[in-house]
Every structure is written in structure tokens, then in C-alpha cells.
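Just follow the structure's listing: the first ligand is 1, and inside any ligand the first atom is 1. We count residues from 1, following the sequence as given.
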Amino acid sequence: MTTPSSPPPPDVVLRDARLPDGSGPVDITVDDGRITAIGTSTTATTVIDCSGDAVIPGLIEPHLHLDKALLDAEEPNPDGTLAAAIEITGRLKAAFTRESVAERAGRLLEQAVTHGTTVIRAQPDVDPIVGLTGLEAMLALRESYADLVDLQVVAFPQEGILRSPGTEDLLVEGLRAGADVVGGCSYQEATLDECREHVDRVFALAERFGVPVDIHADLADDTSDPRYALAEHIADRTRAHGMGGRVTVGHMTSLASLVPDARKRVLGELADAGVAVVVLPMTDMHLGGRNDEVNVRRGIAPVRALLDAGVRTGLSSNNVRNAFTPFGIADVLDVALFLAQTSHLAGPDDMARLVTMATDDAAAIVGRGDRHGLHVGADADLVVLAAPNATEALLARADRRYVLKRGRVVATTERTVQLHRRR
Ligand SMILES: [Zn+2]
């Protein structure tokens, strides 16, 4: 005969928490790595006192070049252009070792986690210069940092496919080795036909390996060069391969130049085909408009128009402290604030939407769907902000008091600031 006993308490309760919009307070119960209740609670093995601060889902970096991070100490880019960035980085990566990549990437990854990032889609270069060194370093980090962050690895052909013979074989090798996503970099090809061929080969690899697509489509100021007007071709290929919801384009800054009729048509095609756009404002604005002598263009994809057209839209850091982007701290909320300031997105609804872009929308982009979010059943990837709601956190650059990955506290920040008045 067994003696009835009460079930063990849940693992964690986040007590006295507010929801991202400031409503609440509620208690968020976590058991076995997942959210099991949002409401009231009794007790738990670990109680985290949120003292009325807001909790948001874990932040996501859907587009981060971890392999090239923090290279500014080795060689900065005084010219500041995209061409110089590719040239300098091409030289530096010839000397990459798995250890050197892992050391820099690990430092940035840890920094991202302290800022509340729980999922990263990394974009290591794959080409005859660096081979699979960066990708293999990422695959190793995916295992060694699995307690802190879910890392997705893109096999990314930064130097192009047709203009860089040998790359396609390396992409195949990388996908066989376990890359999660096939990347593209169509703007590197010499002609419009070759850009289209590049896109077609990327989709063929996606179909062969059953993986999503993530293409660097362009970093151009406008579409006067037809190589930078590939949105409709990518939408068409997405439909043809039945890959709606599994295709992302990064940067695609040329979209900002489209006049209203063309914009309506092109964005409508992206929305209809299920192609997501990730904007990388810190890089895009830094590299864009370099030939404009007056009224320098901002170089950022038109976020409000994308959202209004129903295109799934995310944001990310892209590069941090290297020849492409000399700044950044791998903080998605910092990127969101920059986007608010540079894209006329500062209304109350806009601010809340920016946080959703950095969490729920990014989760859809990287294929996590319902596993992510502030709802029962989702992974307990959560961030306690030092602010009463998400908008205030964005504006005040609030600390991330607690970061939880699958219910375990993986980072904490406590800041003491004192003012010393003369009495
Ligand atoms: Zn990029």
C-alpha cells in the first residue's frame, strides 16, 4: 500500500511580475524547463522576486556573424565602405583557426546572453578562403553553449557561389556536417543572371537537405542595378519550392528606394510568399548612402511599410565591432532602440511592436513558433527587465535583472548607482 503524498513543488516561480504591456502583477510558474502557469502560485523550489518588474520572452538574434565578431582590434576599416569591409575581412579570415574563431565568438555569445538573448542564428562564412573553419567552430559552440543559448548555424557563402568556385561543394559539406540553414549572398555575383542562378542553387540545396533558407539579398541604396532587385525572384522561388515561412532575407536595403506602386507590389509579393525580412540597422545605416554627398540616405529597409504590408519583419545586430560595423554590444533591445530612432518608429504602439519583433516575430523567423513566448507550454526562456513594462525598458536601456534559459537562471545583472550630494 502506498502512502499518498503531495506532488513536488514546481522548479521556479517568478513572483510579482508584470507582463510586457505593464499589466499584472502575475506569478509565472516554470517546471521542467517550460511555463506551466501564468496567474497565481503557491510555492516553488526557487522563487525569483520580480518586485513588479516586467518579464518578456527571451530575446532572439536572428542574424549574427559570430565568426567575424570583435575583429576591430586586429584591423579596423578606416574607409568604412562595404567593399573595404569585405576586402579586410577576407584577408583576416584567411588566418582564422577554429580556436581563434571560438574565442571571439564565445565572448560575444556570452555578452548576448547577459543582455537576455536565448536564441542566436549565426552566419559563419563558408568559402575557399576560410573553408569550414568558422562553421565548424559554430557547430562546436552549439554544443558547448547549449546550456545558455540555442544556436542555429547557417552555411553562409559570403564571397558568392558562382564567382567563388568551390563554395558550393563546401556548402554541401557544411550541411552534411550539421548546419541548420543554407545561406545565400546573391549580391556578390557579377550579373543579374548569376544572381538568380545563385538564389536557385541555394533553394536547390534547401530542398536537398530539408533546411530553411536565409539570403543576404543586397546592401544597396536602390534598385538601379538589377542585381539588387531580387525580391520578387526570391518570392517566386519560395512559392515554387513550397517554402513559405521558411525563407528569410537579410539587409535588403534596396527596398527603401522603391516608389509607392513598386513598393506595394514587391512587399505584397514577399508577404504573400511568406518571405521574412530581417533588418540590420546598425550595419545598414553605417554602410549605406556612402556615395550621397547631400541628403545621405539612411540605408535601412522600410520597416513600417514592411509591417503594414504584412511581411514578417525582424531585427538583429548582424556584425559587432569589425570592418562591417565598428559598434554594437550584441543587445537586441539596443538595436531596437536604434531602429526606433532611425526609422520613425517611436509611437507607443511602435515601441511595443519593436519588442515583439525582437521576441515573438524573431521566434517565427528562426522556426521556433509556439515553443517561444510568454504563454503556458512555451520554453521558459525569459528575461526580467529592470522596468515596469517593455517600452520603458527600451527607452531607459533597462538592465536585464534575470535571464532564464529553459527555466534556469543563466545571467543576472545588478547595478548600484549612487548620487553624492553636498549637504
Ligand atoms: Zn549579415
Visitor: Distance check, rounded to the nearest 0.5 Å: Asp370 atom CG versus His375 atom NE2?
Guide: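 These two atoms lie 5.0 Å from each other.
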
Visitor: With 2.8 Å as the limit, count the protein N, O or S atoms near the Zn ion (ligand 1).
Guide: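 Excluding waters, the total comes to 5.
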
Visitor: Do Asp379 and Lys405 sit within salt-bridge range, that is, some charged N less than 4.0 Å from a carboxylate O?
Guide: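 No, Asp379 and Lys405 are not salt-bridged.
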
Visitor: Shortest non-hydrogen contact from Ala179 to Leu139?
Guide: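 So the minimum-distance heavy-atom pair works out to N-CD2, 4.2 Å.
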
Visitor: Is it true that Arg142 and Asp150 have a side-chain N and a carboxylate O under 4.0 angstrom from each other?
Guide: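 No, this pair does not count.
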
Visitor: With sequence neighbours left out, write down each residue that passes salt bridge (Lys or Arg N to Asp or Glu O under 4.0 Å) with Arg107, or none if nothing qualifies.
Guide: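 Testing Arg107 for salt bridge (Lys or Arg N to Asp or Glu O under 4.0 Å), a comparison that skips the adjacent residues, returns Glu103.
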
Visitor: Using a strict cut-off of less than 4.0 Å between a Lys/Arg side-chain nitrogen and an Asp/Glu carboxylate oxygen, indicate whether Arg91 and Glu75 qualify as a salt bridge.
Guide: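 Here Arg91 pairs with Glu75 in a salt bridge, since their nearest N and O are under 4.0 Å apart.
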
